[in-house]
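Working notes for the structure below.
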Amino acid sequence: MRRRAALAMVTGTVSVLVTLSIPPASADPPKSPDRVTAATDHLVTSRPAMLHSSPKDAYTRQRVIAGQGGLRYTPYTRTYAGLPVHGGDFVVVTDAAGGVLSTSVSQEAALEVSTTPELSADEAARLAGAELSEVASVAAPRLSVMAEGRGRLIYEVVVTGADRGRQSRLHVFVDARTGAIAQKSDEVMAGVGNSFYNGNPVTFPTRVSGGVYSMTDVMRPGIGCGGQNGAPYTGTDDFWGNGSGTNLETACVDTMYAVDREWEMLDVWLGRNGFDGLGRGFPARVGLNDVNAYWNGINTSFGHTTDNRRQATSMDIVAHEYGHAIFAHTPGQDYGTNEKMILNESSGDIFGALTEHYANQPATLDPPDYMVGEEVNIAGNGPIRYMYRPSILSGHPDCFSSLVPPMTPQVGAGVQNHWFYLLAEGSNPTNGQPPSPTCDNSIIAGLGIRKAGQIFMGTLLRKTQVWTHQRARRASLEAAAQLFPNSCVELKTVRAAWNAVRVPAVAGEPQGCPNFFGVTLTPASATVPAGGQVNVAVSTVTTVPPAQDISLYATNLPPGTTAAFTPQAITSGTGSTLTVTAGAGTAPGTYYVTVRANGTSADRIAVLTLTVTP
């Protein structure tokens, strides 16, 4: 039976990339376009201890990412003496008003390293090229600093080709002093998949021009499907495929339908605009002559099963590969250590499960579950991973240990998969999902997959170049606390789930069930003549009891301008009046005054946009 494709409209907004070089602390803070960037830039230019700044550091602000719950995620990259720092990036999390909530920083010490290499760039390129069995191209080596201890001077070299027949785009980090391979990471993420189990007929967006129909999504830029030559399939009508497991047009039907469901899930459940967060996606290719499927940083590609009777295009596998695209387009990039690749592989499984549950297809097709590739039966052995109990497959870990970080990503992914299942469904679900034994014999009640997905998305938006299970643990706890500030259940469940898979606690993670408060300014923008005064109301609210004591301060004032609070010490839930007195000689212009509320267990920042007139 042939399948009919119908047009569907998807609307959205496209964000604009904003970069800003941050000068050393001795320079004047930059003027910023809004309260969020004003607050984060001021935090960065003040060079707090958690950033581990050195005199040679400079920072560049990336695009501010809007998330659920009004949260804003602002990534920064770091340079040292003008060289990019791998692992020196960080993310500042604020509320919509610019109040700084937390920072996600992977660097652990200030850098102090020579930037003069002893190894030539040509030799670094030669050493890097030797890491692949088939080399198509070697990019020019880029001298960089790795944030390892006090710093390690390296060349980053991107080698494109194949490794034992598998496509590869390998980032090789070569020690610029010794020539040793400091680290290597492949952008090409591999998986396996299904075929044609989405029912009949299904609909998905296509395009028509001049009477020619194309498997190109008319409303979602970048989305399309075709053969290995990269061109989308076309036809004289809008009917596609024959429902056969060996038909490549049918494989694209399944792919386009799965992409449609995942895109909508990202929007409706997770508040994300497309795979890159900017309303764009990436093309898919079918007909890969391999028992495999992968994401290569540019497109997804899908092969076939061992018996070559089915294409690897089931919903969970398609969503898995596009999950790698999401991982790549959140802060911190998608390459790094082997442990980061393990977490990347697990992320694909999590997005596959989220998409299956959002689609919620009837039991006769592909019902929502937490098995990976169960319908493809890639080699006659059933699923390739079980999220609820990874150890069903020999060698796959239920629990974290020192043995996990060196594992192959397809095996080590079990730990974070197990955590996500416990977070979503708990240890003893009552909705028909299977039980999930915990590593500490605890009993956990799940939050539901939608809320678990929101916390996981908030975790990825805190991702840095250095990414480990413990860093993911801390980031997910912060995400739970800030996405659900009026509840303790989410934070406690996230912690219990990590404990249940034995990922150790890390310093600085949210403890217990903290009390929180918010601060707002009314008005948020004020105008005052030079030599004049203006009053601003400072309001606070206790979002998680009990109330806490707060001290109020104002910084980043224009020259000659003073600020006073009446009263200066308050309790959350009460207010104060900020009086700003502009100096008679203050130059006219717009300034961003930082109002800092230092609480007993948390600090908040609000930004007053102050315009001084002659």
Side-chain angles (χ1 to χ4, degrees), residues 12-19 36-37 39-40 43-44 50 60-77 87 89-96 98-106 262-263 265-280 322-336 340 343-344 346-348 350-351 354 416 419-420 423 450-485 490-491 494 506 508-510:
T13 58
V14 178
S15 301
V16 178
L17 176 67
V18 177
T19 61
V36 170
T37 52
T40 59
L43 174 74
V44 173
M50 82 278 286
T60 300
R61 170 168 38 85
Q62 307 299 312
R63 175 182 63 89
V64 179
I65 304 169
Q68 289 190 309
L71 299 186
R72 300 292 186 268
Y73 304 85
T74 307
Y76 288 81
T77 56
D89 62 316
F90 54 92
V91 181
V92 182
V93 185
T94 68
D95 58 27
V100 177
L101 302 178
S102 63
T103 56
S104 180
V105 184
S106 59
E262 186 169 21
W263 188 293
M265 180 277 297
L266 290 171
D267 178 32
V268 176
W269 276 12
L270 308 186
R272 184 172 176 83
N273 185 16
F275 294 119
D276 69 348
L278 294 170
R280 293 191 60 86
Y322 277 96
H324 291 315
I326 299 167
F327 191 93
H329 289 83
T330 47
Q333 303 165 319
D334 63 338
Y335 56 88
K340 187 176 182 180
L343 293 166
N344 190 349
S346 166
S347 297
I350 289 170
F351 282 111
L354 282 162
Q416 186 174 250
W419 164 79
F420 184 81
L423 183 65
R450 180 173 182 173
K451 186 174 284 187
Q454 292 169 348
I455 292 170
F456 183 68
M457 190 72 247
T459 302
L460 290 186
L461 290 171
R462 292 165 166 80
K463 176 165 59 68
T464 55
Q465 289 174 333
V466 177
W467 199 237
T468 64
H469 286 81
Q470 284 187 288
R471 293 186 191 280
R473 172 186 168 122
R474 174 178 173 175
S476 64
L477 287 165
E478 292 176 346
Q482 292 163 14
L483 283 169
F484 306 99
E490 292 77 14
L491 180 66
V494 170
V506 62
E509 70 180 37

What distance separates [X] [atom1] from [Y] [atom2], expressed to the nearest 0.5 Å?
{"X": "Thr40", "Y": "Tyr76", "atom1": "OG1", "atom2": "OH", "answer": "3.0 Å"}
{"X": "Leu460", "Y": "Asp334", "atom1": "CG", "atom2": "CG", "answer": "11.5 Å"}
{"X": "Thr94", "Y": "Leu43", "atom1": "OG1", "atom2": "CG", "answer": "10.5 Å"}
{"X": "Thr103", "Y": "Arg462", "atom1": "OG1", "atom2": "CZ", "answer": "10.5 Å"}
{"X": "Gln470", "Y": "Glu509", "atom1": "CD", "atom2": "CD", "answer": "8.5 Å"}
{"X": "Leu270", "Y": "Arg450", "atom1": "CG", "atom2": "CZ", "answer": "8.5 Å"}

Which heavy atom of [X] sits nearest a heavy atom of [Y], and at what distance?
{"X": "Leu71", "Y": "Gln482", "answer": "CD1-CB, 3.8 Å"}
{"X": "Ile455", "Y": "Ser476", "answer": "CG2-O, 3.8 Å"}
{"X": "Tyr73", "Y": "Gly67", "answer": "CE1-CA, 3.9 Å"}
{"X": "Val36", "Y": "Ala96", "answer": "CG2-O, 3.6 Å"}
{"X": "Gln416", "Y": "Ala472", "answer": "OE1-CB, 4.2 Å"}
{"X": "Gly274", "Y": "Leu266", "answer": "O-CD1, 4.0 Å"}

Check: Ser104/Glu478 side-chain N/O donor and acceptor closer than 3.5 Å: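 Absent: no donor and acceptor within the cut-off.
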Name of the residue among Trp269, Phe351, Phe275, Tyr322 meeting ring pair (Phe, Tyr, Trp, His ring centres under 6.0 Å) with Trp263: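 Exactly one option meets the ring pair (Phe, Tyr, Trp, His ring centres under 6.0 Å) with Trp263, and it is Phe275.
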Ignoring hydrogens and geometry, is there a side-chain-to-backbone donor-acceptor pair from [X] to [Y] under 3.5 Å?
{"X": "Ser106", "Y": "Gly87", "result": "yes"}
{"X": "Lys340", "Y": "Val466", "result": "no"}
{"X": "Asp89", "Y": "Gln465", "result": "yes"}

Could you check whether any side-chain heavy atom of [X] comes within less than 4.5 Å of a side-chain heavy atom of [Y], counting everything from C-beta outward?
{"X": "Phe420", "Y": "Ser346", "value": "no"}
{"X": "Arg474", "Y": "Arg471", "value": "no"}
{"X": "Ile326", "Y": "Arg272", "value": "yes"}
{"X": "Glu490", "Y": "Leu483", "value": "no"}
{"X": "Leu278", "Y": "Arg63", "value": "yes"}
{"X": "Thr330", "Y": "Met457", "value": "yes"}
{"X": "Val44", "Y": "Phe90", "value": "yes"}
{"X": "Phe484", "Y": "Leu491", "value": "no"}

Matching residue for Pro75 among Leu461, Thr464, Ile65, Val92 - test: side chain to side chain contact (heavy atoms under 4.5 Å, CB included):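 Going through Leu461, Thr464, Ile65, Val92 one by one, the side chain to side chain contact (heavy atoms under 4.5 Å, CB included) with Pro75 is satisfied by Ile65 alone.
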